[in-house]
Novice: 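Structure provided below as structure tokens; questions to follow.
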Amino acid sequence: MSDTPTPPRSASADAPTADRSSIIAVTALPVLVVIAGVLGFLLPDAFTPLAPTITWALGVVMFFMGLTLTLPDFARIAKRPWVAVLGVVTQFVAMPLLGLLVVTVYDLPAEIAVGVILVGCAPGGTASNVVTYLAKGDTALSVSITTLSTLLAPVLTPLLTLWLAGSYMDVPFGSMFVSICQTVLVPVIVGVLVRVFVSKVVDAIAPVLPWLASIAIAYIVSIVVAGSAGSIATAGVLVLLAVVTHNVLGLAVGYGVATACRLDTPTRRALSFEVGLQNSGLASTLATTYFSPLTALPGAVFSVWHNVSGALLASIFARRPYGKPAVDAPERVSVGASADGGADR
């Protein structure tokens, strides 16, 4: 889902603590989400009435993401615009089309198909920043792409969903646009402003932010699973297969595009995660609000799986050295979860 936020970059003595907290949080997130999903499945009556609060929970996660962004994050987009744009374009082209490919190949039912496509049309998830950091990739670029794709999401997510999923179900473009502005754009902007004006306070609470975001994500998953508990027994395996296929193809395409463009190894790693890891929390929230509980299930499953796959791939990358350092020195990652001639070739 919408991943854990990354801890703010800071030169303070507390920064290593924030890094450790973020890494632990993104590692523990799949466990928290699985526990939340099990509770939602076993106690649907306890969680289903909480469905109207999902948008607020997502807003909290996006606010935390905003808290971790600084003005230099936006300046980095201007420093390497073509690479950032390449990442965003690849994400918003590849993941929606791969979602359509998956639902077509597996001949998924309409409600599940819309959910898979909606995940593909979502912006990048902030856990990509954490795993890029763990993978010794270009973290600054990762943060830039996540920021840019999130800002573009109010227009591109509903537009792409309407185009690709409109044949399965009615897609309310206008309502989705307003909803994404309210639950994504506004909280992120408020978080950035808070970060600018009270940065010392944000630095002080930075180690706690990944855990709060993880709890909010687990909360969303429990409600989504509770709403579709009756369908999981029959559709669960099919949804998992679709989600795994979608995620693995996205990771591969991101890395492949960066390799084809002759980018260095840290950039390839960053693009791989930025394309393959989605803000599935947003997808689940939109699905619950505008479609059906079953449509939200792919987003909930994606939230668990992409943290697992991201952590595993980051571990593999981290053990494969490369010769030339990244253009930008590696920086501490923000909340939200979490060289050329290299061995990755």
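Side chains are part of it too, since the values below use all heavy atoms of this structure and drop only hydrogens, waters and symmetry mates. The shown structure was predicted, so the numbers you read here are calculated from the model rather than taken from an experiment. Count residues from 1 along the sequence.
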Novice: Under the side-chain hydrogen bond (donor to acceptor under 3.5 Å, both in side chains) rule, what pairs show up with a residue in residues 44-59, not counting sequence neighbours?
Specialist: Thr53-Tyr219
Novice: Without placing hydrogens or testing angles, list every side-chain donor-acceptor pair under 3.5 Å for residues 290-301, not counting sequence neighbours.
Specialist:
| from | atom 1 | to | atom 2 | distance (Å) |
| --- | --- | --- | --- | --- |
| Tyr290 | OH | Ser175 | O | 2.8 |
| Ser292 | OG | Glu111 | OE2 | 2.7 |
| Ser292 | OG | Thr295 | N | 3.3 |
| Ser292 | OG | Thr295 | OG1 | 2.9 |
| Thr295 | OG1 | Glu111 | O | 3.2 |

Novice: In sequence, state the C-alpha distance, the side-chain angles, and the governing distance for His246 and Met95, and then conclude on side chain to side chain contact (heavy atoms under 4.5 Å, CB included).
Specialist: CA-CA 8 Å; His246 195 188; Met95 287 304 281; 3.5 Å; yes
Novice: Taking the side chain as everything from C-beta on, heavy atoms only, tell me whether Leu251 gets closer than 4.5 Å to Leu277.
Specialist: yes
Novice: To check you understand the geometry: which heavy-atom pair defines the closest contact between Ser179 and Leu286, and what is its length?
Specialist: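 Closest approach of Ser179 to Leu286: OG-CD2, 3.9 Å.
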Novice: Roughly how far apart are Met62 CE and Thr285 OG1, rounded to 0.5 Å?
Specialist: 10.5 Å
Novice: Is Arg269 salt-bridged to Asp264, cutoff N-O under 4.0 Å?
Specialist: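 No.
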Novice: Examine the side chains of Ser272 and Arg268 and answer whether a donor and an acceptor come within less than 3.5 Å of each other.
Specialist: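 Short answer, no.
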Novice: Which heavy atom of Phe273 sits nearest to which heavy atom of Ala135, and what is that distance?
Specialist: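 Scanning both residues completely, I find the closest heavy atoms to be CE1-CB, 3.7 Å.
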Novice: Do Leu97 and Leu101 touch side chain to side chain, with heavy atoms closer than 4.5 Å?
Specialist: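 No - every pair of side-chain heavy atoms lies 4.5 Å or more apart.
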Novice: Would you compute the distance between atom CD of Gln182 and atom CD1 of Ile180 and round it to the nearest 0.5 angstrom?
Specialist: 10.5 Å
Novice: For Phe92 and Pro123, which heavy atoms make the closest approach, and how far apart are they?
Specialist: CZ-CA, 4.0 Å
Novice: Apply the test side chain to side chain contact (heavy atoms under 4.5 Å, CB included) to residues Cys261 and Leu86: give CA-CA distance (whole Å), side-chain angles for both, the deciding distance (0.1 Å), then the verdict.
Specialist: CA-CA 10 Å; Cys261 292; Leu86 174 67; 3.9 Å; yes
Novice: Restricting to non-hydrogen atoms, name the atom on Pro154 and the atom on Phe177 that form the minimum distance, rounded to 0.1 Å.
Specialist: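 Minimum heavy-atom separation between Pro154 and Phe177: O-CD1, 2.9 Å.
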Novice: Under the side chain to side chain contact (heavy atoms under 4.5 Å, CB included) criterion, do Val188 and Phe63 qualify, and how do the steps go?
Specialist: CA-CA 5 Å; Val188 167; Phe63 171 71; over 6 Å; no
Novice: Quick one: does Phe317's side chain get under 4.5 Å of Thr265's, heavy atoms only?
Specialist: no
Novice: Might you point out which heavy atoms bring Ser142 and Thr132 nearest each other, and give the distance in Å?
Specialist: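 Closest approach of Ser142 to Thr132, heavy atoms only: OG-OG1, 3.5 Å.
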Novice: Can you check whether Met176 reaches Leu118 side chain to side chain, under 4.5 Å on heavy atoms?
Specialist: yes
Novice: Over all heavy atoms of both residues, which pair between Ala242 and Val116 is shortest? Give the atoms and the distance, please.
Specialist: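 Here Ala242 and Val116 meet closest at CB-CG2, 4.2 Å.
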Novice: OG1 of Thr259 to CG of Leu263: how many Å apart, nearest 0.5 Å?
Specialist: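 CG of Leu263 is found 8.0 Å from OG1 of Thr259.
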Novice: Side-chain contact, heavy-atom cut-off 4.5 Å: Val253 with Thr90?
Specialist: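 Counting from C-beta outward, Val253 and Thr90 do come under 4.5 Å.
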